[in-house]
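What follows is a single structure, written as C-alpha cells, with notes after it.
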2 protein chains.
Amino acid sequence: MSESGERGGDVPRLGEKSGRRRGSAVTIHEVARHANVSPMTVSRVINGESNVRDTTREIVMQAVRALNYRPNPAARLLAGARDTRIALIYSNPSASYLSEMLVGALDGSHRTAAQLVLDRWDNLKPAAEKAAAQKLSEGIAGVILPPPLCESRAIAAAFAAEGVPAVALATGQAREDVSCVRIDDFNAAREMTQHLIAAGHTRIAFIKGQPTQTASQQRLEGFEAAMAEADLEVDPALVIQGFFTYKSGLEATEKLLARKRVPTAIFASNDDMAAAAISVAHRRQLDVPGDLSVVGFDDTPIATTVWPELTTVRQPIAAMAEAAINLLLHKIRRAKDRHSHQAVDHLVPYELVKRDSVAPPRKS
Amino acid sequence: MSESGERGGDVPRLGEKSGRRRGSAVTIHEVARHANVSPMTVSRVINGESNVRDTTREIVMQAVRALNYRPNPAARLLAGARDTRIALIYSNPSASYLSEMLVGALDGSHRTAAQLVLDRWDNLKPAAEKAAAQKLSEGIAGVILPPPLCESRAIAAAFAAEGVPAVALATGQAREDVSCVRIDDFNAAREMTQHLIAAGHTRIAFIKGQPTQTASQQRLEGFEAAMAEADLEVDPALVIQGFFTYKSGLEATEKLLARKRVPTAIFASNDDMAAAAISVAHRRQLDVPGDLSVVGFDDTPIATTVWPELTTVRQPIAAMAEAAINLLLHKIRRAKDRHSHQAVDHLVPYELVKRDSVAPPRKS
DNA sequence: AAGCGTAGTGATAGCGGTATCAGATAGCAA
DNA sequence: TTGCTATCTGATACCGCTATCACTACGCTT
C-alpha cells in the first residue's frame, strides 16, 4: 500500500484507463506527477497560497509551464463549493442595452463556468426592492447592477447587508459603496463636444439625461468643459432637461427648435433622444445634418436604425458586462480571505463613432 | 442487497452533515429525495432522456418546480463528457429581436441544463458560412437559426451535413428540411388588417418586408386575404417594397404619401418600418393617428419607444426561443435513438397589441 | 417452462479540483 | 534528550452531476 516510489512504472496511468475523459486537457494530477508532488501542493501553488516552500513552488511552476497547464474552472468552482450563480438584474428594458449586456454577460459567465441568473425588477417600490434583494440573495453569490438600478445606494446596501458582493455597471462616477465598471462619461462627452466644435459649431444645444443617473451629470459637465475650453458660451436656454426616453427627446427638441435663435447642433445625452431630435427636425423640414447636426451617446442599435445614422459615443457594454462578471468572481473568491473589501473602479475605453448626422453648420 | 423499499429511513441525509456546502442552492439529491427516486432518474428527466416512465417524469418535474431546482452548470460540465452546448447564431439586421430572444433562450437553457453558445455571423459569404458551420459544428450539439439566417437552405444543409440538428426560428412557413418554431404570420397579418378595416379604413397601404424572408410573403398574403374578404380593393400603387429597415420604411412612406390619393392607414411589415412611417408623416405635418393610422409587426422595443406607441402584432420571441431550445434538445437526445428525423412545425400564438397609432379615418 | 429481450430504475465510480486534517520534518527552548 | 510549536506536504473525502453497468420486472418467443 505504500509503493509511491515506483512512479511511472506499472502505476495505473491516470487518465488512460479512463474511458470517460474527453478533452486532452492537462489535469492537476499530471502536473503533480511531473513535479513529483501531490496534487494538493500544485493546487496551493497555482492559488498563490503562502505556505509552500520556495523551491517546491518553483518546481511546480516549471511543471505547469512545461505542460501548459490550465486549471479547469468548472472543477474549481465545484470543488470550492462556491455558489456560482451570479444575478443580473434588469429594469425597464428601455435601454437596448439589454441585448448587448446579455451577450457580454453570457460570454463572461461561460468562460468562468458561472451561472447567469436573470431577474427583472420593473418599477419596484423601495420596500419591494429590499425584499427582492433579500430573497434573491439566498441563491446567489454576486450581483450585477446595470442602470438605472446601479444608482440606488439603497439597493447596493441591501445586497451588502446580505453579504452579497455587487458590481455596478455604467455609473457616472466611482463609488465607495460598490465597485463599478464604467466608461469615462465626462471625457467622452467632452471629446464629442470638441468634435462638434471642430466641425465649426458654436451654438450647440444639450439635452440632459435622467437627473437621477450620475452619468447624466458627467456628460453635461464634459459638454460644459469643452465649451469653456473653446471659449464658447453655453446658452442656458439651450440646455434642456430630458429623461433618456424618445418621448422626452421629442419634447426637448421641440422647445429647442422653437427658439428664435435655433442651435446648429444638438448633443443628446443618449441615442434614443438623439433619434427623437432627428425626427422633430424632419417634421420641421430641417435637413439633418445640413441644417442641424445631431449627436447621441451609447451607440445602441437605434443609432444605426435611424436615418441619417447617428454620430455617437460607443459604450462597449458587452465588454463591460464581461468585466463586471470577472470582477465579481474575484470579489467572491476573496470574500473569505477578508482581503481588500474596497470598491474597485474599473474604467473601460469608449470610442467616438463618426457617422452621418454631423456636418459643418450652414453659413448664415 | 435488495432492500430498495426502505427509502427515507436512516439513509445518511445528503446535504446536511456537509460542513462544506456554502450556497443554499438546491441539488439534484434534494429533488430526488423530494420525488422519492434516485438522483440518476432526476438527471434523466432534466436531460430529456426518453427512457423514463411518463408518470415518473411528471413526479420529478413537479419536484423540480416545487424546489425551483436549477442544475449546477459547473458540475454538469465537469461530470458530463457530452456537451450539450447549443449555439444561437445571430446576424446583424433584426438585432432588435436579440434581447428578447436571449432572455428566452437563456431561460430555456437553464431549465434544461444546456449551455448556450452565441455566435455572430455578419454578412458572411456563402463559402464563409459553410466554413463557419463546419467549425462551429465541432463544439456543438445543436443550433438555433433566427431570422434572417433561418431562411437559408444552404446553412440548414451545412449543419445537416455535419449531423447537427437545427431549429429555425420565426420563419414564414413550415419546412421539410428543418424544424421551425414560428407564429402564423398569415393570420396575424389578416387579423391586423381586419382591425384596421373595423376602425373604418378602406384605403390601406402595405409596406412589404425583405423579399428573401418567407414571413414577408405570408404577411402580405394575410393582408390581401383580409382585404378581399371585406370586398376592399388593394391598390397596387399602395403596396410598396420595403426591406425591414428603418430607412426602407422612410423611402416607402415618402412614395406612399406622395400619391394624389393618400392612404388613411399604413400597415408596415415590421416595427422599424412603421416607426419610419410615423417619422415621415410627422415631417409632412400629418397627425398620427388623426390623419394617418400606422401599424407594425413584431412588437420589438421600438414599438413602445416611438410616439405615438405602435399598434402591432406581438411575436413572443422569448417564448419561441425557449420552445426552440426544448425542441432542439429532444432532437439531440433522439438523434442516437435513430428515432424520427422528421421536421417539426411548432406554432406559437401571437397577439394583437392595440396601442395609440390607430384611429378611425378622418371624414373626407 | 425455460430462455431471452427490453424498458425502467438504482448503485457505483468517477470528472478535476479543493477543504480539512493528519503526518512529517525541522527548529528551538527547556 | 525530550517536548513542542511552526512549517510544509500528503491522504482523504467530498463538491453536484452523469456514464456505465447491474438489476428488476414484465413481456414474448420457442
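Every chain is numbered from 1 and lettered A, B, ... according to where its sequence line falls, protein lines coming before strand lines. Treat the numbers as computed from the prediction; the structure is a model and nothing was measured.
You'll find that the side chain of B/A79 is closest to C/dG14, out of D/dC8, C/dT9, C/dG14. Distances were taken from every side-chain heavy atom of B/R44 (C-beta onward) to each of D/dC21, C/dT18, C/dT20; the shortest belongs to D/dC21.
Here the closest non-hydrogen pair linking A/A156 and A/V178 is CB-CG1, 3.9 Å. Listed here is the closest heavy atom pair of A/G104 and A/A321: C-CB, 4.1 Å.
Atom-to-atom, CG of A/L78 to P of C/dG14 comes out at 17 Å; the value is rounded to the nearest Å. Distance CE (A/M40) to C1' (C/dG23): 15 Å, rounded to an integer number of Å. Rounded to an integer number of Å, the gap from B/E58 CD to C/dG8 P is 15 Å. The nearest whole Å value for the distance from the CD atom in B/E49 to the P atom in D/dC17 is 15 Å. Computed from coordinates, the B/I59 CD1 to C/dT9 P distance equals 9 Å when rounded to whole Å. To the nearest angstrom, P of D/dG16 lies 17 Å from CG of B/N47. Rounded to whole angstrom, the span from the CD1 atom of A/I28 across to the P atom of D/dA11 amounts to 14 Å.
Between the B/S43 side chain and the B/P39 main chain, no donor and acceptor come within less than 3.5 Å of each other. Not a single donor-acceptor pair under 3.5 Å links the side chain of A/R175 to the backbone N or O of A/A168.
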Q | Pair A/I155-A/W121, side chain to side chain contact (heavy atoms under 4.5 Å, CB included): steps then yes or no | A | CA-CA 12 Å; A/I155 293 179; A/W121 292 5; 4.1 Å; yes
Q: Verify side chain to side chain contact (heavy atoms under 4.5 Å, CB included) between A/H29 and A/R33, making sure each step is shown before the conclusion.
A: CA-CA 6 Å; A/H29 295 276; A/R33 208 142 46 89; over 6 Å; no
**Q.** Derivation and outcome, side chain to side chain contact (heavy atoms under 4.5 Å, CB included), residues A/I86 and A/V143
**A.** CA-CA 5 Å; A/I86 87 152; A/V143 66; over 6 Å; no
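Note that the two end axes of the helix from C/dA1-D/dT30 to C/dA30-D/dT1 enclose an angle of 60°, each drawn from 5 base pairs, rounded to 10 degrees.
Put simply, B/R76 has a side-chain N or O that comes within less than 4.0 Å of OP1 or OP2 on D/dT18. Phosphate contact (OP1/OP2 of D/dG10, side-chain N/O of A/T41, threshold under 4.0 Å): present. OP1 or OP2 of C/dT9 has at least one side-chain nitrogen or oxygen of B/R53 nearer than 4.0 Å. For the OP1/OP2 pair of C/dG16 and a distance below 4.0 Å, the side-chain nitrogens and oxygens of A/T27 include no atom meeting the criterion. Here B/N72 does not reach the OP1 or OP2 of D/dC15: none of its side-chain N or O atoms lies under 4.0 Å away.
At a cut-off of 3.5 angstrom, counting only N and O atoms as typed in the model, there is no donor on one side facing an acceptor on the other between the side-chain of B/R57 and the base of C/dG8.
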